[in-house]
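In what follows, a structure is listed as structure tokens, so that the remarks can point back to it.
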Protein chains: 2
Amino acid sequence: MHKAMDTLREYGIQATPQRVAVAEFVLQTDTHPTADEVWATVRRRCPTLSRATVYNTLNLFAEKGLLKLQPLKDGVIVFDPHVEPHHHLIDDETGKVFDVPWNAVKIAGAATVEGFEVREYQVVMRGRRRR
Amino acid sequence: MHKAMDTLREYGIQATPQRVAVAEFVLQTDTHPTADEVWATVRRRCPTLSRATVYNTLNLFAEKGLLKLQPLKDGVIVFDPHVEPHHHLIDDETGKVFDVPWNAVKIAGAATVEGFEVREYQVVMRGRRRR
DNA sequence: GTTCGTGCAAACGGTTTGCAACAAT
DNA sequence: ATTGTTGCAAACCGTTTGCACGAAC
């Protein structure tokens with residue numbers, strides 16, 4: 001109980017009703033939502049919630065390390081509560097983003113590019129669902 | 001000579017002065033420019049060139065396979081004339097995007113994700129220049 | 001009472017679209 | 001004559017910002 005609230009406190013974020021509502025949705029979803037998708041969803045439970053607060057809240061969460069911004073889609077920012085290293089697969093048809101476990105792919109050489117210190121890397125795959 | 005013009009014809013694109021000017025820049029650059037950067041650059045040589053034409057032209061080029069859209073940066077679309085498979089490295093400090101040759105990284109498993117037909121994949125690396 | 005968070009609306013930046021003029025076929 | 005291309009401006013969409021109100025410390 002009060003899981004989202006506890007998480008916020010852990011990360012040094014003042015727990016307001018709006019932030020808790022946003023956290024409750026965004027920290028447990030695997031849909032890689034955009035800010036507007038978060039707004040549309042959370043608003044149903046918390047109708048006074050404004051767009052600005054959602055954007056502020058998501059950016060705050062990202063700063064504090066609860067979320068990661070993933071530039072996976074054209075011109076939009078998607079948020080991912082799964083902050084540990086993993087890969088991504090994007091469905092060409094629907095645009096949906098799926099997580100791929102880190103150990104599903106074996107990589108050699110990505111951490112050592114000449115002249116660079118690579119901080120992180122991931123494989124981005126695109127394709128379509130097999131039916 | 002007339003290399004850009006020939007390329008456009010090869011791809012079935014009517015060669016107008018504006019399109020040739022855009023092509024001459026965007027097909028030879030390795031800077032992964034945004035549409036506005038293309039506009040700013042090409043405009044110096046072709047001052048009548050409008051933003052709309054640049055956007056239309058780049059989208060046309062992408063449709064026809066001369067360029068690839070790469071969703072590598074937050075909220076912006078960057079264009080890459082290097083359409084063969086390769087990887088990308090983004091400098092954390094400057095945001096600049098660099099190409100990494102395909103064979104610089106060895107990957108196993110990215111082409112075979114359960115339930116998906118992977119059409120393409122690439123490694124996206126982030127880090128900073130070593131000084 | 002000062003700080004912080006919220007909601008609203010306006011502003012913003014990148015991109016697309018509608019339309020009239022124009023060039024090419 | 002028809003089709004396709006351009007430039008301009010307006011519209012659009014996602015996101016950020018300014019500001020006044022209200023809540024929390």
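Every chain is numbered from 1 and lettered A, B, ... according to where its sequence line falls, protein lines coming before strand lines.
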Going by side-chain hydrogen bond (donor to acceptor under 3.5 Å, both in side chains), name the residues that satisfy it together with [X], two or more places apart in sequence or in a different chain.
X: B/Asp91; value: none
X: A/Gln14; value: none
X: A/Lys96; value: none
X: A/Asn56; value: none

Check your understanding: Would you say C/dC4 has OP1 or OP2 under 4.0 Å from some side-chain N or O of A/Thr16?
Key ->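 Result: no.
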Practice item. Check whether any side-chain N or O of A/Thr53 sits under 4.0 Å from OP1 or OP2 of C/dG5, and answer yes or no. Key: no
Collect all protein-nucleotide pairs involving nucleotides 16-25 of chain C in which both atoms are nitrogen or oxygen and the distance is under 3.5 Å.
residue, atom, partner, partner atom, Å
C/dT16, OP2, B/Asn59, ND2, 3.1

Check your understanding: B/Asp36 side chain: which of D/dT15, C/dG14, D/dC8 is closest?
Key -> C/dG14
Check your understanding: Considering only D/dG7, C/dT15, C/dT6, which nucleotide approaches the side chain of A/Thr57 most closely?
Key ->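 Taking heavy atoms from C-beta onward, the closest nucleotide is C/dT6.
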Roughly, in whole Å, what's the span from [atom1] in [X] to [atom2] in [N]?
X: B/Asp74; N: D/dT15; atom1: CG; atom2: P; answer: 10 Å
X: B/Arg19; N: D/dT6; atom1: CZ; atom2: P; answer: 5 Å
X: A/Met5; N: D/dA24; atom1: CE; atom2: P; answer: 12 Å
X: B/Lys73; N: C/dG13; atom1: NZ; atom2: P; answer: 17 Å
X: B/Glu37; N: C/dG13; atom1: CD; atom2: C1'; answer: 13 Å
X: B/Leu69; N: C/dT15; atom1: CG; atom2: P; answer: 10 Å
X: A/Leu58; N: D/dG14; atom1: CG; atom2: C1'; answer: 13 Å
X: A/Phe79; N: D/dG14; atom1: CZ; atom2: C1'; answer: 11 Å

Practice item. For B/Thr48, answer base if it contacts any base atom (sugar-phosphate contacts may also be present), sugar-phosphate if it contacts only those atoms, and nothing otherwise; contact means non-hydrogen atoms under 4.0 Å. Key: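 The answer is sugar-phosphate, as B/Thr48 gets under 4.0 Å only of primed atoms, P, OP1 or OP2.
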Check your understanding: Within a radius of less than 6.0 Å around CZ of B/Arg128, do more than 12 heavy atoms belonging to other residues, nucleotides or ligands occur?
Key -> no
Point to revise | Residues clustered with A/Ile107, ILVMFWY side-chain links under 4.5 angstrom | key: A/Leu89, A/Phe98, A/Val100, A/Trp102, A/Val105, A/Val113, A/Phe116, A/Val118, A/Tyr121, A/Val123, A/Met125, B/Leu89, B/Phe98, B/Val100, B/Trp102, B/Val105, B/Ile107, B/Val113, B/Phe116, B/Val118, B/Tyr121, B/Val123, B/Met125
Exercise for review: Keeping the roles fixed (side chain from A/Glu37, backbone from A/Thr34), state whether a donor-acceptor pair exists under 3.5 Å.
Suggested key: yes
